[in-house]
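To start, the structure itself, in structure tokens.
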Amino acid sequence: MSPAALQPESDAAREQLIARGWDALPASYRMPEKTPTIEEARAWCKHLAETHYENFHVATWFLPERLRPHFHAIYAYCRVSDDLGDEVGNTEQSLALLELWGRELDACYEGRTRHPVFVALAETIRACSIPKEPFADLLTAFKQDQVVTRYATMRDVLEYCRYSANPVGRLVLYTCGYADEDRFRLSDATCSALQLANFWQDVRVDWAKNRVYLPQEDMERFGVTDFTIEKGIASSEFRALLKFEVEYARSLFEQGLPLIGMVDRDLAVDLDLFSRGGLEILNAIEHQNFDVLTSRPSIAKRTKLQLALRAVTGKFLPFLRLSGPRGRAA
């Protein structure tokens with residue numbers, strides 16, 4: 001079923017769905033009665049970023065201070081968009097809110113803003129010359145999550161990543177002054193790999209949302225069914241499937257690693273950090289013998305700190321950056 005098929009027929013019905021949807025979300029997400037100033041909008045986005053994502057303020061330590069408001073605005077857009085899709089709990093309400101958010105994005109590019117996210121984002125778009133496509137692509141993915149729960153092949157999963165993950169990397173590059181296809185291609189590989197690492201880490205979490213991102217073709221090949229996931233049975237077939245998927249995700253990380261050496265030192269630290277983090281998720285899955293059904297693999301805080309220190313060291317000692325096969329330093 002397509003998102004369009006679930007849209008309400010009348011404006012009144014749509015407004016009712018939107019009102020109910022807002023009720024399920026933090027009150028601060030609602031459209032304000034008065035358009036905020038740029039200072040107020042940036043403060044709103046900064047607060048959201050630093051209170052909703054524990055690693056965000058760590059990552060921004062490595063970025064020039066002048067860029068931080070732009071990253072706060074981009075994160076706020078992504079966070080609210082994601083919550084409109086995943087935190088409402090009703091498909092029709094989520095789709096109505098995502099449609100509204102898409103209209104607000106259109107208005108932003110037309111010079112009309114009213115929500116703090118878009119007031120701040122408008123300045124970022126202007127300063128960094130960011131096109132609308134990556135922002136709109138994210139909304140496509142969040143809408144897709146409302147109606148698509150299975151993917152036939154890995155190609156289909158990667159097509160989803162093209163909308164759900166790759167735009168984020170491109171937004172980072174635009175913000176840091178890069179807009180060429182060679183860097184975009186490498187960024188896409190890294191972002192898709194990160195998305196896959198999260199999928200393989202969260203098989204049970206996604207199952208609770210009636211979503212399975214493991215390709216149906218691969219599940220059939222290894223003799224794994226939905227029943228396996230539902231019952232939390234980490235059979236030898238399931239472990240073999242996860243091992244196969246983990247190796248593929250690692251190969252994508254390897255494809256994207258050259259990007260670290262193609263950007264300035266500040267951004268290189270962030271790219272190094274996120275690549276190391278993604279690879280560490282895959283390592284954690286492997287350390288559990290590919291059993292992600294009994295318990296969710298996670299990275300210890302101590303390991304996260306070590307990864308951050310390793311990444312920032314690479315800023316000053318480039319030979320310690322990730323660049324070799326299997327995510328090893330060259």
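Annotation: side-chain hydrogen bond (donor to acceptor under 3.5 Å, both in side chains) contacts of Thr140 (sequence neighbours excluded): none. With sequence neighbours left out, the ring pair (Phe, Tyr, Trp, His ring centres under 6.0 Å) criterion links Tyr213 to Tyr151, Tyr160, Phe199. With sequence neighbours left out, the side-chain hydrogen bond (donor to acceptor under 3.5 Å, both in side chains) criterion links Arg30 to Asp23. Evaluation of the side-chain hydrogen bond (donor to acceptor under 3.5 Å, both in side chains) rule for His115 yields no partner, not counting sequence neighbours.
Using a 4.0 Å cut-off between a side-chain N of Lys or Arg and a carboxylate O of Asp or Glu, Glu104 and Arg114 qualify as a salt bridge. Salt-bridge check for Arg103 with Glu110: failed, with every basic side-chain N at 4.0 Å or more from each acidic carboxylate O. Using a 4.0 Å cut-off between a side-chain N of Lys or Arg and a carboxylate O of Asp or Glu, Lys209 and Asp145 do not qualify as a salt bridge.
Once rounded to the nearest 0.5 Å, the distance linking CZ of Arg276 with CG of Leu257 reads 9.5 Å. Atom CD1 of Ile18 is separated from atom CH2 of Trp22 by 8.5 Å, given to the nearest 0.5 angstrom. Considering OG1 of Thr228 and CZ of Phe222, their distance stands at 13.5 Å, rounded to 0.5 Å.
Follow the hydrophobic side-chain contacts under 4.5 Å out from Leu84 and you never reach Val119; the two are in separate clusters. Residues Met219 and Val205 are members of separate hydrophobic clusters, defined by side-chain heavy-atom contacts under 4.5 angstrom among Ile, Leu, Val, Met, Phe, Trp and Tyr. Clustering ILVMFWY residues whenever any of their side-chain heavy atoms sit less than 4.5 angstrom apart, transitively, puts Val246 in the very cluster that holds Phe274.
In the displayed structure, Glu65 atom CD is contacted under 6.0 Å by at most 12 heavy atoms of other residues, nucleotides or ligands. For Glu220, the CD atom is loosely surrounded, since the number of other residues' heavy atoms within 6.0 Å does not exceed 12.
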List the steps, then state whether ring pair (Phe, Tyr, Trp, His ring centres under 6.0 Å) holds for Trp101 with Phe118. CA-CA 10 Å; Trp101 206 239; Phe118 291 105; 4.7 Å; yes

Show your working on salt bridge (charged side-chain N to carboxylate O under 4.0 Å, His left out) between Glu50 and Lys46 and close with a plain yes or no. CA-CA 6 Å; Glu50 294 185 348; Lys46 181 176 185 290; 3.2 Å; yes

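For the residue pair Asn283 and Arg250, a side-chain donor N or O sits within less than 3.5 Å of a side-chain acceptor on the partner.
Annotation: side chain of Leu214 is not in contact with side chain of Val224 (no heavy-atom distance under 4.5 Å). When side chains are defined from C-beta on, Leu158 does not count as touching Gln195, because their heavy atoms never get closer than 4.5 Å. A 4.5 Å side-chain heavy-atom check between Asp206 and Val212 finds every atom pair outside the cut-off.
With hydrogens and angles ignored, the 3.5 Å screen pairs no side-chain donor or acceptor of Glu87 with any backbone N or O of Ala24.
Within the hydrophobic cluster formed by Ile, Leu, Val, Met, Phe, Trp and Tyr side chains joined at under 4.5 Å, directly or through other members, Phe227 is accompanied by Ile233.
Evaluation of the salt bridge (Lys or Arg N to Asp or Glu O under 4.0 Å) test over residues 169-184, restricted to residues two or more places apart or in two chains, returns Arg170-Asp188, Asp180-Arg183.
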